[in-house]
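Right, one structure below, let's go through it.
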Amino acid sequence: MISKVLIIGACGQIGSELTYKLRLENGVENVIASDINESNFELVNSGPFEIIDAKNYNQIKRCVEKHNIDTIYLMAALLSAKAEQHPKMAWSLNMSSLFNVLDLAKEKIINKVFWPSSIGVFGSTTPKSSTPQHTIMEPTTVYGITKQVGERWCEYYNKNYDVDVRSVRYPGIISWKTLPGGGTTDYAIEIYHKAITDKKYECYIAEDTELPMMFMDDAVNATINIMNADYASLKIRSSYNLAAISFTPKQIAESIKKHIPEFEITYNPDFRQHIAATWPKSIDDSKARQDWNWCHDYNLEDITKEMLKQLSNMYSVS
Ligand code: AKB
């Protein structure tokens, strides 16, 4: 039987593409999209949509009962850079939304939960290269704190209340359809837009700061694959390390220059550089590869080709 799915935060960067893919696989009527407003016109008009404030338990519960929802993907969150500007709001949204969904699973109103964690759980005391699954985690951002605490609660609900919650630690996600909002890694998307529109980009991250990154198609596949994995194969109920590639702003600029030789990058690091400097350069995701056969498809060259192709069409540049 195909389960009925609710995506909370469906208008956002990952939520929107996850909604489209799940609708392709499961049928439009089986995937209910929701968000706090109708900010993404294309998404809102692509199938069933409900207005839900992720902080409101009763609104989520009413929607779950109305549509016989079995599984929730909780994609609403304040990301790292925005969370630093609104710390209390980030704490309130990121934590209360998680408790609302975990509690619905604890009460057996739903069966399965996906909740995204992030490389933001790590901090400057974490080993930077090939960061292990189990390691020192002392995040210094509000976002990182919410993700780390969230991971502990996911594991707690699994062990103590038999809640089937599944999670991955997303790296920076690169995509062209829906713009991200408020992340530290957003530069790796803006740079492609500016390469097409202006042939130059001023980067707020320093040229040699290496960060883990991934193309959206890989991120969506990872999300769906971990949700389809056998219950028993998932040994980690906090959150799995997940990786594809790592690069610096200088390296992404070089890869763009292969296609747009006149492209120029300059650097003007701001507060987001301080966040990026506390995050890993690369991630050891061998547990995910072992437990549920995770593997990525896109390297930096593939991503650059696809981003420039799609954005050229979007801006109608030949
Ligand atoms: C951010 O930059 O805040 C996010 C993330 C890595 O979780 N993209």
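Indexing begins at 1, ligand by ligand and atom by atom, following the structure's order.
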Would you tabulate the polar-atom pairs, meaning N/O of ligand 1 against N/O of the protein, with distances under 3.5 Å, reported to 0.1 Å?
residue  : atom  : partner : partner atom : Å
ligand 1 : 2 (O) : Ser80   : OG           : 3.4
ligand 1 : 2 (O) : Thr184  : N            : 2.7
ligand 1 : 2 (O) : Thr185  : N            : 3.1
ligand 1 : 2 (O) : Thr185  : OG1          : 3.3
ligand 1 : 3 (O) : Ser80   : N            : 3.1
ligand 1 : 3 (O) : Ser80   : OG           : 2.5
ligand 1 : 7 (O) : Ser118  : OG           : 2.7
ligand 1 : 7 (O) : Tyr143  : OH           : 2.7
ligand 1 : 8 (N) : Thr185  : OG1          : 2.9

Within a 6.0 Å radius of atom NZ on Lys305, are there more than 12 heavy atoms belonging to other residues, nucleotides or ligands?
no
With rounding to the nearest 0.5 angstrom, report the CG to CD distance, Asp198 to Glu264.
11.5 Å
Aromatic Phe263 / basic Lys199 pairing, under 6.0 angstrom, 45° off normal:
no
Tell me which pairs pass side-chain hydrogen bond (donor to acceptor under 3.5 Å, both in side chains) where either residue lies in residues 23-34, with sequence neighbours left out.
Arg23-Ser46
NZ or CZ of Arg272 within 45° of Tyr204 ring axis and under 6.0 Å
yes
Would you call Lys257-Glu254 a salt bridge at under 4.0 Å N-O?
no
